[in-house]
Amino acid sequence: MREFWQQQGLRETLLTAVDRFRQQYPWQGQRPLAAPRYHYYGREIIEAAVTAMLAGENLLLTGPKATGKNVLAENLAAAFGRPDWNVSFHINMDAAYLIGTDTFRQGAVEFRPGPVYACAESGGFGVLDEINMARNEALAVLHSLLDFRRILDVPGYGRLRIHPAARFIATMNHGYAGTRELNEALASRFVILQLPVLDGDGVERLLAAEFPRLMTPGRRQFAALFLDLQQKCEHAQISSKAVDLRGLLDALRLIELGLSVRQALAMGLVNKCFDAEERELVEDTIALRIAGSMTAAELFD
Ligand SMILES: Nc1ncnc2c1ncn2[C@@H]1O[C@H](COP(=O)(O)OP(=O)(O)OP(=O)(O)O)[C@@H](O)[C@H]1O
Ligand SMILES: [Mg+2]
């Protein structure tokens, strides 16, 4: 990660500070360190996020879908040399799920730690994924964990002091139906970064890294297509459903494996729209950039 961040132009002082953190808290536990599959692109955002981690802050990453929130969180854990614990928040989750519960083992009651407890105890990087999806009652147990107290109260077992290397990174997707706002008390415990949608250069770099066999013209075309969709969305001609970087990468993966370009783009992008009229608009946008007759052989070498 260090090398990649250096290429991205991250300030040397930050890189050395991360090195110092790693020396101060070498990971010796059983759990494997985070090994991210993707790199997050965006120097300014990385610098801000690294600074927040160094300062011991909790970090909330917000932004539209597929803006790399989880990628960035994983990258941070890897860079700081800590394992990550991913906790997916949902409407039915309760405090016991986060902290842990009593279980019976060989006739005796035993505490089985939940992911937040385990992470806090061993000094991991906890990713509180889609934190706004849980009910406020379930979230209240996090208050003392996430403020200056840095403790976790476990009813019946006392309190856990959080390992000094532990960090919590929450993610939250705003802007689509079904998402809720984060309550103020919780939001106040985080510093917040809004992740931007990748620009054209960023998309091209991502495509180059992800598809080494994709030739330059194809890379440009697909990046341009993504920007077209983004623009249509900004002008309210289509919804954000088809503005989906994840779907674009999926489509290219299918094409590389031999599926027709049209079918792959339908599966990755077009069919995300359930409204026939919108689907047609997305198809038209695609047709302007990518010929229906295009084959994998023209795209990949
Ligand atoms: N700035 C970026 N740098 C690197 N990859 C990016 C970036 N933005 C988006 N991506 C790509 O988008 C895809 C989705 O990333 P990720 O799962 O982290 O998104 P997310 O913001 O968590 O999305 P969601 O809100 O839908 O959960 C990945 O393939 C990732 O590589
Ligand atoms: Mg995510």
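Leu252 is listed as a side-chain neighbour of Phe300, based on a closest heavy-atom distance under 4.5 Å. Tyr25 places a side-chain heavy atom less than 4.5 Å from the side chain of His163. Using a 4.5 Å heavy-atom threshold, the side chains of Val154 and Pro113 count as separate. Within the 4.5 Å cutoff, the side chain of Leu59 has heavy atoms near those of the Leu76 side chain. Here the side chains of Glu278 and Ser239 are in contact, with some heavy-atom distance below 4.5 Å. You'll find the side chain of Asp153 stays beyond 4.5 Å of the side chain of Val141, heavy atoms only. Annotation: side chain of Leu60 is in contact with side chain of Met172 (closest heavy-atom distance under 4.5 Å). Contact annotation: the side chain of Tyr38 never approaches that of Glu74 to less than 4.5 Å [non-hydrogen atoms, C-beta and beyond].
The hydrophobic cluster containing Trp27, built from Ile/Leu/Val/Met/Phe/Trp/Tyr side-chain heavy atoms closer than 4.5 Å, also comprises Leu33. In the hydrophobic clustering (ILVMFWY side chains linked at under 4.5 Å, chained through shared members), Met267 is joined by Leu254, Leu259.
Here the CE-CZ distance, from Met215 to Arg213, works out to 9.0 Å after rounding to the nearest 0.5 Å. For the atom pair CG (Asp199) and CD (Glu204), the distance works out to 10.0 Å, reported to the nearest 0.5 Å.
Heavy atoms only, all atoms of each residue included: Pro64 and Val197 are closest at CG-CG2, 4.1 Å. Between Cys119 and Gly126, the shortest heavy-atom distance links the atoms SG-N, 3.3 Å.
In summary, the aromatic rings of Phe4 and Tyr40 are positioned with their centroids too far apart to meet the 6.0 Å limit. When ring centroids are compared, Phe222 and Phe226 stay outside the 6.0 Å threshold.
Tyr97 and His90 have tilted rings, their planes meeting at an angle from 30° to 60° on a 0 to 90° scale.
In Glu184, the CD atom is not crowded: 12 or fewer heavy atoms of neighbouring residues, nucleotides or ligands sit closer than 6.0 Å. Under a cut-off of 6.0 angstrom, the local environment of CZ in Arg253 is crowded, with over 12 non-hydrogen atoms contributed by other residues, nucleotides or ligands. For Arg112, the CZ atom counts as loosely surrounded, since its 6.0 Å shell holds 12 or fewer non-hydrogen atoms of other residues, nucleotides or ligands. Shown here is Glu44, whose CD atom has no more than 12 heavy atoms of other residues, nucleotides or ligands within 6.0 Å. Taking a 6.0 Å sphere around CZ of Arg105, one finds it holds 12 or fewer heavy atoms contributed by other residues, nucleotides or ligands.
Counting only N and O atoms by type, the side chains of Tyr157 and Asp102 include a donor and acceptor under 3.5 Å apart.
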